[in-house]
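In listed order, ligands and their atoms are each counted from 1.
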Amino acid sequence: MGGHLANTMMQMTLEGRRLFLQGGQELGLDLEPYLPRFARFYELLNLVNQSTNLTAIRDEQGIVLKHFLDSLTCLSYSGFIDGLSVIDVGTGAGFPGLPLAIVRPNIHFDLLDATQKKVGFVAQVIQDLGLSNAQALWGRAETLARQNVKRETYDAALTRAVASLATVAELTLPLVRMGGFVIAQKGAGAEAEAEQAQGALRRLGGVVEHILRLTLPRTGDERALVIIQKISPSPLEYPRKPGVPAKNPLS
Ligand code: SAH
């Protein structure tokens with residue numbers, strides 16, 4: 001009986017599904033075709049969260065709004081088009097990369113995280129949902145960016161809730177090709193952070209193209225997408241050794 005009850009509780013409720021679809025409409029997205037995959041992703045997240053601490057947000061409304069829909073706000077940037085090769089740096093349990101991979105099958109996503117158990121979960125979801133356009137990678141951005149086969153190869157990099165913008169710049173820009181872009185998902189303080197990160201961005205070959213302000217459906221929580229263009233090569237000294245970009249951000 002306990003098992004049955006637990007299984008039922010792990011499924012997305014009718015209310016959760018409605019919130020997901022209505023929230024999608026507010027973002028200008030028809031999410032109906034993708035609902036079964038998100039519902040399955042939701043189940044797997046709950047299942048694994050019972051034994052491993054994958055994400056702090058665990059209530060249904062929180063997962064729908066702050067994980068699924070918040071991830072999909074990246075689609076508001078007009079440069080996010082089919083055919084791109086994208087890396088999500090510090091994807092955690094797959095945010096924003098997995099929701100984006102579900103709704104954009106013609107964009108390729110590498111989902112990178114330094115924590116093995118999180119990468120294991122992301123790989124499990126990719127396999128379970130049959131996402132042929134996504135790949136889970138275990139490692140640090142500082143290390144990956146030093147590999148010739150990866151350095152300055154991605155069309156775009158994404159990050160959410162990984163570090164301050166100066167650190168994010170050092171972890172992402174060396175991975176992005178010239179003419180590519182970074183989307184840093186931030187909150188209300190994005191402008192101030194962008195101001196502070198000016199020096200770091202300049203050194204790394206990036207410039208803030210613009211800051212897109214958004215509000216999350218239902219709660220009205222403020223969000224910002226900081227769009228950074230890669231305009232010149234990142235000097236070979238960057239990124240510095242693992243841990244240094246976070247401990248001692250460039251100024
Ligand atoms: N982006 C997810 C997870 C945020 S938590 C979300 O928004 O829900 C930050 C994650 O970044 C952690 O899982 C941590 O392991 C990862 N991380 C931090 N620094 C990293 C680095 N240098 N390289 C790779 N992953 C990193």
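- Taking CG of L45 as the reference point, atom CZ of F38 lies at 12.0 Å (rounded to 0.5 Å).
- Residue K66 qualifies as open at atom NZ: its count of foreign heavy atoms under 6.0 Å is 12 or below.
- Partners of R202 according to the side chain to side chain contact (heavy atoms under 4.5 Å, CB included) rule, which considers only residues two or more places apart in sequence or in another chain, are Q198.
- Near ligand 1, residues G90, T91, G92, F95, D113, A114, T115, K118, G139, R140, A141, E142, R160, A161, V162, L171 each place a heavy atom inside the 4.0 Å sphere around the ligand atoms.
- Taking Ile, Leu, Val, Met, Phe, Trp and Tyr as members and joining any whose side-chain heavy atoms lie under 4.5 Å apart, directly or through other members, the hydrophobic cluster of V207 also contains I231.
- With rounding to the nearest 0.5 Å, the separation of CD in E170 from CZ in R203 is 9.0 Å.
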Quick one: side chains of residues 212-220, donor-acceptor pairs under 3.5 Å with protein atoms, not counting sequence neighbours, listed by atom name and distance.
{"unit_1": "R213", "atom_1": "NE", "unit_2": "E191", "atom_2": "OE2", "d": "3.3"}
{"unit_1": "R213", "atom_1": "NH1", "unit_2": "E222", "atom_2": "OE1", "d": "3.3"}
{"unit_1": "R213", "atom_1": "NH2", "unit_2": "A188", "atom_2": "O", "d": "3.1"}
{"unit_1": "R213", "atom_1": "NH2", "unit_2": "E191", "atom_2": "OE1", "d": "2.6"}
{"unit_1": "T219", "atom_1": "OG1", "unit_2": "D221", "atom_2": "N", "d": "3.2"}

